[in-house]
Amino acid sequence: MPFRRLSAYLFPACLLLPLALGVSACSRMESLFMSDDASAITFHEQPHPQQAYRLTMTIENAPGPFGMVRGAVQYNVKNYRDCGRVNPEVGAPTDIVYLPERHWQQTAPNVYETTVHADGMLDEDYYGKGICHWELRGASALLRATGDERETRFLPAMDYEEIFAEKTKVLYFWNGRYPTDNPPPSDGKGFPDFGDINLGKVPPQQQNEFFKVTLSARKVQP
């Protein structure tokens with residue numbers, strides 16, 4: 001019987017990218033490709049950001065090509081309780097999250113780069129209650145074999161602490177989910193795979209069933 005996975009959600013970033021404190025971490029990471037607030041309010045990106053970080057993603061030993069390589073960056077408002085709206089369903093302020101897409105430029109075979117900005121958003125009075133102050137929370141890639149929505153969503157990501165510390169991060173993804181998990185999820189949107197940080201619990205003879213994605217960050221001049 002093939003080794004299915006260490007865990008569908010074994011990933012240190014599961015403690016990060018807090019879109020909502022009551023939601024599981026990896027569900028929050030999946031939300032990198034959704035925005036809970038942008039449909040109602042137009043948020044403004046900084047036209048001349050100064051704090052730039054170049055992210056590099058290297059894919060090794062994948063079982064096939066990735067026809068879709070997309071990216072997103074996540075910003076949260078630090079003081080949303082003071083400057084944001086109140087959710088009428090719960091009678092409390094709603095976390096304010098903005099998730100703009102970022103293009104990953106292919107620079108070599110299986111190597112991609114993108115740039116994110118710590119100061120990428122404009123602090124403004126969006127709700128008429130005071131200035132909202134933004135902070136970078138993380139960045140992610142979305143990899144699919146061809147782009148079909150039924151295919152597995154491979155989601156390597158870095159949180160803001162890893163980006164600011166200019167770290168290198170390695171994640172492992174199981175080949176058996178490429179291009180589609182079997183059986184596929186009932187919602188038809190493709191299984192979200194966030195990767196594993198190590199293969200220590202995988203039998204040595206089965207470690208070749210995983211491909212590797214390496215993410216690195218370095219500060220650059222804007």
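- In this pair, Phe154 and Phe211 present their aromatic rings perpendicular. The plane angle is above 60°, beyond the 30 to 60° band.
- The structure places CG of Leu143 at 7.5 Å from CG of Leu155, a figure rounded to the nearest 0.5 Å.
- With sequence neighbours left out, Glu89 forms a side-chain contact (heavy atoms from CB on, under 4.5 Å) with Asn87.
- A heavy-atom distance below 4.5 Å is not found between the side chains of Pro93 and Asp82.
- A donor-acceptor pair under 3.5 Å is absent between the side-chain atoms of Gln51 and the main chain of Pro49, judged by distance alone.
- In this structure, the side chain of Arg153 engages the main chain of Gly190 through a donor-acceptor pair within 3.5 Å.
- Enclosure of atom CZ in Arg150 is not indicated, since only 12 or fewer non-hydrogen atoms of other residues, nucleotides or ligands lie within 6.0 angstrom.
- Counting heavy atoms from C-beta outward, Trp134 and Phe43 have side chains that approach closer than 4.5 Å.
- Nearest approach of Ala139 to Val116, heavy atoms of both residues: CB-CG1, 4.0 Å.
- A donor-acceptor contact shorter than 3.5 Å links the side chain of Glu151 to the backbone of Ala145.
- In this structure a side-chain-to-backbone donor-acceptor pair under 3.5 Å is missing from Glu149 to Gly188.
- Between Tyr126 and His44, the shortest heavy-atom contact is OH-N, 3.2 Å.
- Glu113 CD to Thr58 OG1: the interatomic distance, rounded to the nearest 0.5 Å, is 8.5 Å.
- Summarising the geometry of Lys189 relative to Arg144, their closest heavy-atom pair is O-NH2, 2.7 Å, with the distance given to 0.1 Å.
- The CD1 atom of Ile96 sits 8.0 Å away from the CZ atom of Arg85 when rounded to the nearest 0.5 Å.
- Within the 3.5 Å criterion, the main-chain N or O of Asn198 finds no donor-acceptor partner in the side chain of Asp196.
- Partners of Lys212 under the side-chain contact (heavy atoms from CB on, under 4.5 Å) rule, at least two apart in sequence or in another chain, are Glu60, Val170, Tyr172, Thr214.
- Distance alone, capped at 3.5 Å, places no donor-acceptor pair between the Arg137 side chain and the Gln74 backbone.
- Between the side chain of Thr115 and the backbone N or O of Arg54 there is no donor-acceptor pair closer than 3.5 Å.
- Of the inter-residue distances, the one linking Tyr112 atom OH with Ile59 atom CD1 reads 5.0 Å to the nearest 0.5 angstrom.
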*Kindly determine whether Trp174 and Gln206 satisfy side-chain contact (heavy atoms from CB on, under 4.5 Å), including the steps that lead there.*
CA-CA 10 Å; Trp174 185 51; Gln206 292 180 302; over 6 Å; no
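- Heavy-atom minimum distance, Leu55 versus Met158: CD2-SD, 4.3 Å.
- Residues Glu45 and Arg102 are paired through a salt bridge, judged by an N-O separation under 4.0 Å between the basic side chain and the carboxylate.
- Heavy atoms from other residues, nucleotides or ligands lying under 6.0 Å from NZ of Lys129 number more than 12.
- Summarising the geometry, atom CH2 belonging to Trp104 is positioned 5.0 Å from atom CE belonging to Met57; distances are rounded to the nearest 0.5 Å.
- Judged as a salt bridge (Lys or Arg N to Asp or Glu O under 4.0 Å), not a single pair has a partner in residues 116-126 (not counting sequence neighbours).
- Closest approach of Pro156 and Val213 over heavy atoms only: CB-CG1, 3.9 Å.
- At a threshold of 4.5 Å between side-chain heavy atoms, the hydrophobic network of Ile, Leu, Val, Met, Phe, Trp and Tyr places Tyr53 and Val111 in two separate groups.
- Here the side chain of Thr152 pairs no donor or acceptor atom with the backbone of Tyr178 at under 3.5 angstrom.
- Cluster annotation: Ile131 is not connected to Tyr98 through the hydrophobic network of ILVMFWY side chains, with a link wherever side-chain heavy atoms come within less than 4.5 Å.
- When every heavy atom of Ser216 is checked against every heavy atom of Thr168, the shortest pair comes out as CB-OG1, 3.6 Å.
- Distance check: Leu142 CG to Met68 CE gives 6.0 Å after rounding to the nearest 0.5 Å.
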